[in-house]
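Have a look at the structure below, then the notes.
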Amino acid sequence: MVRAVAAAVGPERVGLRLSPGFPGQGMSESDTDVLYPALVEELSGLGLAYLHLVWAKPDQPLYRRLRAAWPGALIANPAQPWPGPLPADGGRREAERLLDAGADLVSLGRAFLANPDLPERLAAGAALNPVRIEHWYGGDHTGYTDYPTLRQPAPA
């Protein structure tokens, strides 16, 4: 599928997101150490725009193997408690560790969803809005686009 999409639109317009070992939504994998290095090795020569690893752990041997096997841009999303609350820093500490371990970029999805002004909050050391997972996967904008910013706090 990745080859077909890359051929259709150009590999420089294709990114691949993988979640090795992510335990969310009842998923379980037992072959991550074999499956993902083989997949990344197979796709590494296609010239894709990026590889995005979700649930990345900088000290995990699998992460280091995938980073070494991927020649292009690597985006890493730090492993954070799931479905529990994020750490007070929204994952910043782990994101910095991933950058030190070779990631080119980091993503902080849940923290960004709940804090549309996340860079400003992190720079200021401001408190983060808690993520409201109970509103996801149905309904309306609640829990997606209704979080307050530092400049526009929630109505009292």
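Just so we're clear, the structure is a prediction, and the values are computed from it rather than from any experiment.
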Just by modelled atom types, is the [Y] backbone N or O under 3.5 Å from a matching donor or acceptor in the [X] side chain?
X    : Y    : result
D117 : T149 : no
N115 : L128 : no
R92  : L122 : yes

For the residue pair [X] and [Y], establish whether any side-chain heavy-atom pair is separated by less than 4.5 Å.
X   : Y    : answer
L48 : V2   : yes
T32 : V34  : no
L16 : H52  : no
N77 : V106 : no
L53 : R67  : no
P58 : D100 : no
Q80 : P87  : yes
P85 : V131 : no

Inset, instruction - Using a strict 4.0 Å threshold on nitrogen-to-oxygen distance, state whether R93 and E96 make a salt bridge. - result: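 Looking at E96 together with R93, the answer is no, because their closest N to O distance does not fall below 4.0 Å.
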State plainly whether one hydrophobic cluster holds both [X] and [Y], where clusters connect Ile, Leu, Val, Met, Phe, Trp and Tyr through side-chain heavy atoms under 4.5 angstrom apart.
X   : Y   : value
L43 : V14 : yes
V40 : Y63 : yes
V5  : W70 : yes

Inset, instruction - Report the distance from atom CG of L98 to atom CG of L108, rounding to the nearest 0.5 Å. - result: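 Here the interatomic distance stands at 9.5 Å.
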Legend entry - Lys NZ or Arg CZ of R132 over Y147 ring: under 6.0 Å, within 45°: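 Geometry flag: set, cation within 6.0 Å and 45°.
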Legend entry - Polar side chain donor-acceptor pair, E29 to Y36, under 3.5 angstrom: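 Looking only at side-chain atoms, Y36 and E29 do form a donor-acceptor pair, the distance falling under 3.5 Å.
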Legend entry - Heavy atoms from other residues, nucleotides or ligands near CZ of R64 exceed 12 (cutoff 6.0 Å):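 Yes, CZ of R64 has more than 12 neighbouring heavy atoms, counting only those of other groups under 6.0 Å.
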